[in-house]
Amino acid sequence: MNAGELLSLCKRRGFIWPSFEIYGGVAGMYDYGPLGSVLKENIIRLWRQAYRYGEGFTEIDSVTINPEAVFKASGHLDEFSDCIVYCNECGEPFRADHLVARLHPNPDTLDAKSLKELIREHDVTCPECGGTLGDVEEFNLMFRTFIGPGSSRIGYLRPETAQGIFVNFPNLYRYNREKLPLGVIQQGRGYRNEISPRQGMIRLREFNMMEVELFVDPENKTWPRYPFVKEEMLRLIPNDGVERVMSLDGAVREGVIANEVLAYFIWLTKDLLVKMGVDPARLHFRQHLSEEMAHYATDCWDAEVLISYGWTEIVGIADRGSWDLTQHAKWSHEDMTHFKRYDEPHEVEQKVIKAKHSKLGPRFKEDAKEITNLIESCQAEDIKDGALQIEHNGKPLTISDEFFEVETLIRKVSGEKVIPHVIEPSYGLDRIFYTILEHAYHKRDDDYTVLKLKPILAPIKVGVFPLMARDGLDEKAQEIFRLLMDAGIEAYYDDSGSIGKRYARMDEIGTPWCVTIDYETLEEGRGKKDTVTIRDRDSTKQIRVPIDKLVKTIHTMLNGVNFESI
RNA sequence: GCGACUGUAGUCUAGCGGUCAGGACCGAGGCUUCCCAAGCCUCUAGCCCGGGUUCAAAUCCCGGCAGUCGCACCA
């Protein structure tokens, strides 16, 4: 299949539209149309079902504009940007740090100003044509803006939703009553000012993410539900490049997947994607090579699917270690730790140095207080030959043991502070949306298109048609349409053209069932009064059910019961 | 950001200096007792945007925007 055909269908039928089309469009931006927004919502619902209800994770919704400090701490400001310099003559762009590589030991640590100075000082010219170089510009992939009037407060549109969770860690941790594991999910938009977005919905400048941040004890990367799924099979491509099919447990035991939690969420991701209609034959998990790993990750597996653009990453499952919380603790000076209580409090023997005030006072007079503090901040191990070496007023000073004594204290320690590790399954919603459409797209020989969406995801569940728009069939059909909508089943009424055309219209947008009201529905005496036909999208077969069982039947099928077994 | 190619109704497409820009599909209305895109009639709707060349531009030229493909980029 080719992406053009599907994109054309999406646009024609209202799944997605290129944004700002009347003004010529903007690359990398798409609007979700009426069918698209419902499909997107349905995908989010399944994801939420898996994490919030399935795993008991908690959900938040944080802001999209963040102050600069957040990205200084997260590393995005440094790691996510390059300094670019353009040649004044030929216009060729260069990485500024590459041009001064021989003039500085660490050119990538320099800011734009120092790079510019270095280029001026050493008369660095264009390596292509020898022309002079222009100003050094920072090119960061984050969208920049200002918070409030004036230009003093710089803000950025978030490139990932994750930071909103990390900066709220202290709140979330208290909310979870200071326990680990702590699972937090967030769905929302992210922004990346891509230099050249291509491939339709695959690389967007404004995109939707469903992110999960799971905070765990660094020394306990197990998972309670792991034993129930550990024999499930996964298609893996570890970083040695050799594809193999292994059970979760096999992969963990052989060290292919680092730990149980990571393995469990790889499996959960596979299960979720397949439930959404991603073809398992076109899905595998690939481990990142160390050089392609993000600046924050210690291990990372991508769910990749085969679509018309080739194997494409749609989910990334990373072990971010303690990177994010450590960084935010450092920059914000907030406590980002978990207090890990021991089963039994440990008794720790500690030797402390106590100053002898009665000796220190007469000897050191007004300096005595300061020296006391210096002595008491020393450790017992600092004592050499019965004396302490300290520095007072810039001069070394030897304090003999007549001025202090060593006391042994027994302290009770009931736990320790640890920085939690973060396991992050991050779902690219737009890419999943597109993959579901591609994998659902079927074409029969006669150019007839059927979108075989999972019923649970289909934007419209039931098409309602009177066989003819007359003889009271249309009134009856309207009644049934109301009946379904009132029961919360998204239905679509259509009485135009031929019946075949109406079925075709519904098939093309993935509607799983069509209800038809015919003359027998109204006819007395033949035992078929008040019954309607339900026609199945994939088999085109029909069954006849009483109207008063219709809602129940549709609900049964939405819960996964096959049409054939009704 | 660079290079090549491209841009005609909602979709697909013909026209490539000179008629009211032609068709197909979709869509809307109508006729046909009509369960899988049937047929017939009627209708709606288009030259990506801006500038230039020319008596005359959808057509040629320049710029922009967008798309496809390569290069670069892609946490």
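These numbers were taken from a predicted model, which means no experiment stands behind them. Below, chain A is the first sequence line, B the second, and so on; all start at residue 1. When reading the values below, keep in mind they use all heavy atoms of this one structure, side chains included, and skip hydrogens, waters and symmetry mates.
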Can you tell me how far C1' of B:A66 sits from NZ of A:K11, to the nearest Å? 11 Å
Nearest-Å distance for atom pair CG/P, residues A:D518 and B:U33: 17 Å
Minimum side-chain heavy-atom gap A:F481-A:P466 below 4.5 Å: no
Do any side-chain nitrogens or oxygens of A:S498 fall under 4.0 Å of OP1 or OP2 in B:A37? no
In plain terms, say whether A:E211 and A:R158 are close enough for a salt bridge, that is, a side-chain N and a carboxylate O under 4.0 Å apart. no
For A:D507, run the salt bridge (charged side-chain N to carboxylate O under 4.0 Å, His left out) check against A:K452, A:K501, A:R535, A:R537 and tell me which one passes. A:R535
Pair A:K528 + A:E523, salt bridge at N-O below 4.0 Å: no
Expressed in angstrom and rounded to an integer, what is the separation of A:I314 atom CD1 from B:C74 atom P? 22 Å
Opposite nucleotide pairing with B:C71, Watson-Crick or G-U, both atom distances under 3.5 Å: B:G1
Protein-nucleotide distance (A:E5, atom CD; B:G10, atom C1'), rounded to Å: 17 Å
Quick check on RNA chain B: between A:E194 and A:T449, whose nearest nucleotide comes earlier from the 5' end? A:T449
What interatomic distance, in whole Å, is found between P of B:A58 and the corresponding atom of B:C41? 32 Å
Does anything in residues 465-482 of chain A come within less than 4.0 Å of RNA chain B? Heavy atoms only, and list the residues if so. A:L467, A:M468, A:R470
Atom P, compared across B:C49 and B:A37: separation rounded to whole Å: 38 Å
Within the 3.5 Å criterion, strictly below it, is a donor on A:N193 or A:Y191 matched to an acceptor on the partner's side chain? no
Which nucleotide, if any, forms a Watson-Crick or G-U wobble pair with B:C55, using both distances under 3.5 Å? B:G18
When the distance from CG of A:D495 to P of B:A28 is rounded to whole Å, what number comes out? 10 Å
Pick the P atom in B:G63 and in B:U42, then give their distance to the nearest Å. 47 Å
Looking for any heavy atom pair under 4.0 Å, which part of the strands does A:R535 touch: base, sugar-phosphate only, or nothing? base
4.5 Å side-chain heavy-atom contact, A:F285 and A:I237: no
Keeping A:H439 on the side-chain end and A:I307 on the backbone end, is there a donor-acceptor pair under 3.5 Å? no
Separation between the C1' atoms of B:G46 and B:C26, rounded to whole Å: 15 Å
Watson-Crick or G-U wobble mate for B:G27, both contacts under 3.5 Å: B:C43
Ion pair present between A:D530 and A:K549, side-chain N to carboxylate O less than 4.0 angstrom? no
Answer yes or no: is there an ion pair linking A:E479 with A:R482, defined by an N-O contact shorter than 4.0 Å? no
Mind calculating the distance between NE2 (A:H442) and C1' (B:A37) to the nearest angstrom? 19 Å
Could you tell me how far B:C31 sits from B:U19 if I compare only their P atoms? Round to whole Å. 40 Å
I'd like a list of close polar pairs between nucleotides 68-72 of chain B and the protein, N/O only, cut-off under 3.5 Å.
from, atom 1, to, atom 2, distance (Å)
B:C69, N4, A:R198, NH1, 3.3
B:C69, N4, A:R198, NH2, 3.2
B:G70, O6, A:R198, NH2, 2.9

State whether the side chain of A:R431 and the backbone N or O of A:V315 hold a donor-acceptor pair below 3.5 Å, judged by distance alone. no
If you measure from the C1' atom in B:C36 to the same atom in B:C43, how many Å do you get, rounded? 27 Å
Quick one: is A:R13 getting a side-chain N or O under 4.0 Å of the B:C26 phosphate, OP1 or OP2? no
Contact residues, residues 19-32 of chain A to RNA chain B [heavy atom, < 4.0 Å]: A:G24, A:G25, A:V26, A:A27
Determine the contact category for A:S8: base if any of its heavy atoms lies under 4.0 Å from a base atom, sugar-phosphate if only primed atoms, P, OP1 or OP2 are that close, otherwise nothing. sugar-phosphate
Take atom NZ of A:K501 and atom P of B:U32, then tell me their distance rounded to the nearest Å. 17 Å
Modelled atom types, side-chain donor and acceptor of A:Q186 and A:S62, under 3.5 Å: yes
Taking NZ, NE, NH1 and NH2 as the nitrogens, is one of them in A:R282 or A:E438 under 4.0 Å from a carboxylate oxygen of the other? no
Starting at atom CD of A:E523, determine the distance to atom C1' of B:U33, rounded to an integer number of angstrom. 12 Å
Would you say the side-chain atoms of A:Y427 and A:T269 include a donor-acceptor pair closer than 3.5 Å? yes
Which residue lies more 5' along RNA chain B, comparing A:G497 with A:R12 via nearest heavy atoms: A:R12
Looking only at atom C1', what distance separates B:C65 and B:A24, rounded to whole Å? 29 Å
Donor-acceptor pair under 3.5 Å, A:Q542 side chain vs B:C35 base: yes
Pairing check on B:A9: which nucleotide meets the Watson-Crick or G-U wobble criteria with it, both distances under 3.5 Å? none
Residue matched to B:G50 through Watson-Crick or wobble contacts both under 3.5 angstrom: B:C62
Nearest-angstrom distance, C1' atom, B:G67 to B:U8: 15 Å
Taking A:W311 for its side chain and A:V305 for its backbone only, find out whether a donor-acceptor pair lies under 3.5 Å. no
